Structures are given as structure tokens and as C-alpha cells.
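A quick write-up on the structure given underneath.
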Amino acid sequence: MIVRELELDLDAFEGPFDLLLALVLKEELDLRDVDLAGIVIAFLERLAEKEELDLEACGEFLVLIAALLELKARALFPDEEAELAELDPEEAAEELARRLAEYRRAKEAAGWLRDRLAGEGDRFFRLGPAPLAPRVETPLAPQDPEALAGALRLLAQDPPDVSLSHMALRFPPVSLFLERFRGLLRRRSRFDFETEVAELTRLEQASAFLALLELRRAGELAIEQAAPFAPIRVSRTQQENNAQSERTAAWTVRSA
Amino acid sequence: MDRPLRLIPADPLDQLARTLEALLVVASAPLSIEELAAAAGDDPERVEDALRLVGERFAEERSGIVLEHVAGGWAFRASREEAAACARLFERPAQRNLSQAALETLAIVAYVGPCSRPDIARIRGVAADSAVANLLERGLIAEAGRDTAAGGAIRYRTTPLFERVFGLESLSELPRLGDVGEDAAGIRDRLHAVAEKRSA
Amino acid sequence: MDRPLRLIPADPLDQLARTLEALLVVASAPLSIEELAAAAGDDPERVEDALRLVGERFAEERSGIVLEHVAGGWAFRASREEAAACARLFERPAQRNLSQAALETLAIVAYVGPCSRPDIARIRGVAADSAVANLLERGLIAEAGRDTAAGGAIRYRTTPLFERVFGLESLSELPRLGDVGEDAAGIRDRLHAVAEKRSA
């Protein structure tokens, strides 16, 4: 499944995800008008059509949707900017912009390679040695034992303490939150989503939100929200009250 | 042939072309002009002239064998017309089913130059471990020492096989992409504009 | 050519000969008539006829490439006249150096003592399969029994050839690594500790 080819049918936009991304980046589409939850639901529906959990697509999707969420949050919640990132806003904007640009460039390059491969697929050449080529052993030049010591010292070198803030975005698995929410609903009939995820990082919150949508899709819980941006209340569904422990969503098993 | 006025030693180019054919048919990777010249015991300029003769003999639509300039050297391959027959007998060289993740990883290594898994993950935003393992196994990337600055993470570069599979004469043939700097500056300006609107 | 009585489709033999050339130039082992016929999608008798055409084109004194019939079937080789040039190609100066992966693997096996592939991979943070295969083939390491721990993976040790290549009388002459560990056990513990931190 290719995430950027995901077909979307939203109020503000109709077409592939890729195009939406391009329009947002070109500022021809205001993110504040785009229903990001609709994108998540479209993705989950596509995911559910598959027999197996496509982890690669999930990872790619999470990165893109997290970037969009962040952009949208910046546009919507001016006063919460300081909370949105530990970095100062200048740095955060810089970092985010650089990351989005770099990722887009990598995608562009990958697209070029894909097309090239398709065009060059009919060039066959020999991969191994020629069948009747002379076989000559090329002896190794004398080596310096210090090279061994150097290689080993490098292996014994302590890795530096790297701040994770500019390392790879790390997404906790959705399955973690599936289990956590199931556990919560076993103990309590309802909970408040915001309260439960308040302590988490934004990326964890994104995963938690995906888990929430997945559980609702599977009918394991119900979601209520009084108004846009009002707290999301999560509760057990009736069927879940009846047969709480019998269900094992295939999705969880596969994603474990 | 009679060439009474020729002052250059009488070794005809034809003979050199034959030598090159022999070298190319036994080599297991593309050979550079210098490698061909050293093995043939002739000078690079004459090798270039003789390669032209070989190229005329082994051209698409003229022969089942085709001479191509690829991965910084010269090599024989099957003509494109015979791809269907070749596909029945041989694996397509290392290129089947490259996933989107693998292609992106390959693109990053090709464009950025030697880089480590953390470098790749930083750009892609997701771990690159399985894509890197897959590309290593296919021989499209190879280890290129360790990054002494970043705690000795292994760095990777693309291989000559990568250039060969993608039909590139060299990495410089990769197209220039939109400038990251420009892109990033544009996006940053937009973010700032949003911030200003809010504080206004 | 006029073949009014032939019932087989009128695919000219020349075209088939080209297909065979393509198949033979891609193959890394001799191809039998049956293999060629299956790949070309033609019948063995016609393949034999077409091979005769290929053989005429690629014959001694006519081309640097020669079609040869050997035990396993048919293959291209370099012409005898060009044997000297081919030998020069393959006997390029033996200044072959070890790759970083090979050097690290060798350093681990030499300093830590017999280790298995999983051991080496854990310490390096990356699979060592091709480096181990390469060192085995060069005779720089050899099998040294199996790991007594679960799984019983094959362990490897350095060879006398390793000592010769590195100019050592014995392993005790390896440069001291006091900063890493006093002895093999100390070095091993240190390497494992770092590897764990790196993967954290």
C-alpha cells in the first residue's frame, strides 16, 4: 500500500494524499480547512481491507499525519505554541520546515529511482563471474596489525549521548495503546481521552489516537465529543459490556 | 588493407577491438578505459577509438550483445529486445520488488553520500533498519566505514551494482532535486506568517 | 531465404541466433541446448542450427569472443590470442585491502577468541554474514567447533595464514589494547557493554 496514493474524499479536498500534501506545502490549501481525522479514517479503512498489517505504510502515514497535525496545531492554537515543542518556536519552525523539505526531497528522489528502474528493467547483464574466465587468486597484501587494534578501539568507543529531539521521530506502536485502552475499559466504564494522554509526547498521542479510532472501528468502545475541541469521552459499548473478554481483534494479534 | 602513409605503429585498431571484446566478455564488472588500456597494453586514446568499433558491432538491433557505458566503465549486456528470453532464464538483477522504504533509503544514500542508519532515519522519520538490510543483501549499498563522530555508526554508500542496475554512467547522472534550502526557507516563512497572524 | 514447405513459424534463424547471444552473455555457467531452447521459446533442433550461426560469428581469429562447447553446454570465452591481455586483467596488482567489515570481524575474532556469527553481529551492531564468508574464503578464519550455548552456532578462529598476512609470530603479538580491556575476557565484556548501549 502506497500511502501517498491514498484516495481522499474530504469536504475541502478530493484526490490523492500526495496532492493534498503538495497543495498544503504550496499554501494553495489551508490546513485549517482540512479534516485530518477524515484522513486518518480513510487510511484505517484502507488498512482494514488488507489481510496483514502493513507496518511500513503505518510508519510512513504516522510521520506524514504527525507533521500535518503539528502544522495545523500551530495554525489553530497560537497560545499553546510553547507547549507544542520543547524547542523555542523559531527553532521548532526551522526544524520542522527542514525536516518536511528534506523528506519531500527524499520522496522525489525515490520517485525518480522508481521510474528509472521501470525504464531500465529490460537491461539484463551477468551478475557473477564469466563461465570460462581465468580463475586467479589475488593474494592479500601484507597487513598492519595496528589496523586490527584501530578497528577494535572504534568498536569499543562509547556512543555519544544524543538528544532524541533531533533524532528520528520515534513512534510507540499503536498496539501498546490498544492494550492500554482495553485495560482501562475493563476497570472503568468510561474515561477522558485528553486526561489519559496528557502526560505523553505528541507522537505518543498520535499513536494513542490511532488506537482509539481502531478500537471504535472494531466496536470495542464508543467515542463522544460534545463539540469540536471539546474533551473526547471514551466509554464501553453495550456489546463490550456483555462479552468483554471474549474478543481478540485479529488486528492486535497481527500487530503484536 | 594498404596504409603506406601511416606513421602510427601498424597495429590495426581492429586487433585492439578484438582484445577489448575478449576482456569485456570475461570481466565481472564494467571496465574503465584505464583498466582496459592497462590489460590491453595500449594507450587510452586508442582504446577509446577501438571501443567505438566494438560499440558499432555490438549495438541494439544489430546484435544480441550490446556494449554499454555504465557505472564508470564499459560492459556487455543483453540487448533490450531479448529481455523476455532472458527473464525466462535469469533473475532480474537485484531490482525486483524494491519497496517504497527501500527506494527512499536508496535515494538518501545515493544523494547524501555515505550516511548511517540514524542519518537515514532522521530524514525519513522512521527506522531504516530493515530497508538497509534489504539493500545490503541485494548488493545495492555497501558498508563505507564507521562515522567516527557519531559513536561509530556504520555508514553506507551505493555500489557500482546500483549504478549498473539503474543504468547510470555515474552518480553525477542523478537529476538535481529541488533545493532543500529553498524548500525549507519557504515552509519556515509560512510558519512565521502564521505566527504573526496569530499575535496580530 | 525461401522455405515454402516449412510448417514451423517463419522466425528467421538469425533472430534466434541473436537471442542465443543475449542468453550466453548473461549466463554465468554454460547453458545446455534444453535451457537455451526453453528460454528462447524455440525447439532444440532450431537452437542447434542457430548455435552454428553464433559459432561462425564468434570463432577464433574472427572475434575476441569465442563460442565454446564444454561439458555443461555452451558458453562464451575469450579467444586464445587474447589470453595474455586477460591474464593481465585478472592479475591486477594484489594490493587488495580488507573492507571495514572484514577488518572489524577479524579484529573481534583475533582479540576476543573464537566467536560465532551472532556474537560478531551483536558486537558490530550489524550482520556479519558476508564478511565471515569472505574471510573464510580467503582462509583468514576457520571453523573452531560449535558454541556450547543454546543454538550451537559455529564459531570461528583466526588461521596461521592470518598471522602470516599480519606479520605476527602468534596471536600474543597483537598490539596491546589496555585502554579497552586487559585480556580477551575483558575486551569481550567491554565490547558487549558498548554494543548494548549503542542499540539502546
Side-chain angles (χ1 to χ4, degrees), chain B residues 14-28 31 35-36 38-42 54 57-58 61-66 75-91 93 116-118 129 132-133 136-137 139 142-146 151-156, chain C residues 14-28 31 35-36 38-42 50 54 57-58 61-66 75-93 99-104 124-127 129-131 194-195 197-199:
Chain B
D14 241 28
Q15 177 55 48
L16 179 55
R18 255 190 243 175
T19 306
L20 300 184
E21 287 170 13
L23 292 170
L24 291 166
V25 88
V26 292
S28 30
L31 296 172
E35 287 171 312
L36 287 166
D42 214 315
V54 179
R57 186 174 184 201
F58 297 101
E61 274 154 61
R62 200 173 293 173
S63 162
I65 304 173
V66 169
F76 281 139
R77 62 165 168 82
S79 87
R80 289 180 190 261
E81 283 179 285
E82 309 302 341
C86 290
R88 264 173 244 139
L89 199 55
F90 309 107
E91 281 281 322
S116 65
R117 278 185 282 186
D129 298 12
V132 166
L136 276 171
E137 197 186 336
E143 289 187 22
R146 282 180 187 267
I154 292 171
R155 305 202 299 171
Y156 302 93
Chain C
D14 236 31
Q15 179 55 49
L16 180 56
R18 259 194 235 175
T19 305
L20 300 183
E21 288 170 15
L23 293 168
L24 290 166
V25 89
V26 177
S28 46
L31 295 174
E35 286 171 309
L36 288 166
D42 215 314
V54 177
R57 190 174 181 202
F58 297 101
E61 270 149 67
R62 200 173 295 173
S63 162
I65 305 172
V66 170
F76 281 135
R77 63 166 170 80
S79 80
R80 277 189 204 98
E81 280 180 285
E82 310 303 343
C86 291
R88 277 196 294 274
L89 181 70
F90 283 87
E91 281 158 16
R92 272 176 287 181
S99 69
Q100 179 73 15
L103 198 61
E104 285 178 7
R124 293 193 62 226
V126 64
D129 296 5
S130 70
V194 171
K197 256 189 256 179
R198 198 181 289 131
S199 67

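Remember, it's a predicted structure, so these values are computed and weren't measured experimentally.
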Region of Ala131(C) that comes under 4.5 Å of a non-hydrogen atom in chain B: neither
For Val66(C), check side chain to side chain contact (heavy atoms under 4.5 Å, CB included) against everything at least two apart and list the hits. Glu60(C), Arg77(C), Ser79(C)
So does Ala39(B) get a backbone contact from the side chain of Arg88(C), meaning a donor-acceptor N/O pair under 3.5 Å? yes
Heavy-atom proximity to chain C below 4.5 Å, by part of Glu81(B): side chain
Which atoms of Leu24(C) are under 4.5 Å from chain B, going by heavy atoms: the side chain, the backbone, both sets, or neither? neither
Of the backbone (N, CA, C, O) and the side chain (C-beta and beyond), which part of Ala101(C) lies under 4.5 Å from a heavy atom of chain B, both, or neither? both
Give the minimum heavy-atom separation between Ala78(C) and Val25(B), together with the two atoms involved. N-CG1, 4.0 Å
Under 4.5 Å heavy-atom distance to chain C, tell me which part of Arg62(B) shows up: side chain, backbone, both or neither. backbone
Smallest separation among heavy atoms of Leu136(B) and Glu143(B), with atom names: CD2-N, 4.3 Å
Heavy atoms only: give me the nearest Glu21(B)-Phe76(B) pair and the separation to one decimal. O-CE1, 3.6 Å
Sequence-distant partners of Tyr156(B), ring pair (Phe, Tyr, Trp, His ring centres under 6.0 Å), two or more places apart: none
Taking side chain as everything from C-beta outward and backbone as N, CA, C, O, which of these in Leu23(B) sits under 4.5 Å from a heavy atom of chain C? Side chain, backbone, both or neither. both
Is chain C contacted by the side chain of Val26(B), its backbone, both, or neither, given a heavy-atom distance below 4.5 Å? both
If you count heavy-atom pairs under 4.5 Å with chain C, which of Cys86(B), Gly145(B), Ala84(B), Ser63(B) comes out on top? Ser63(B)
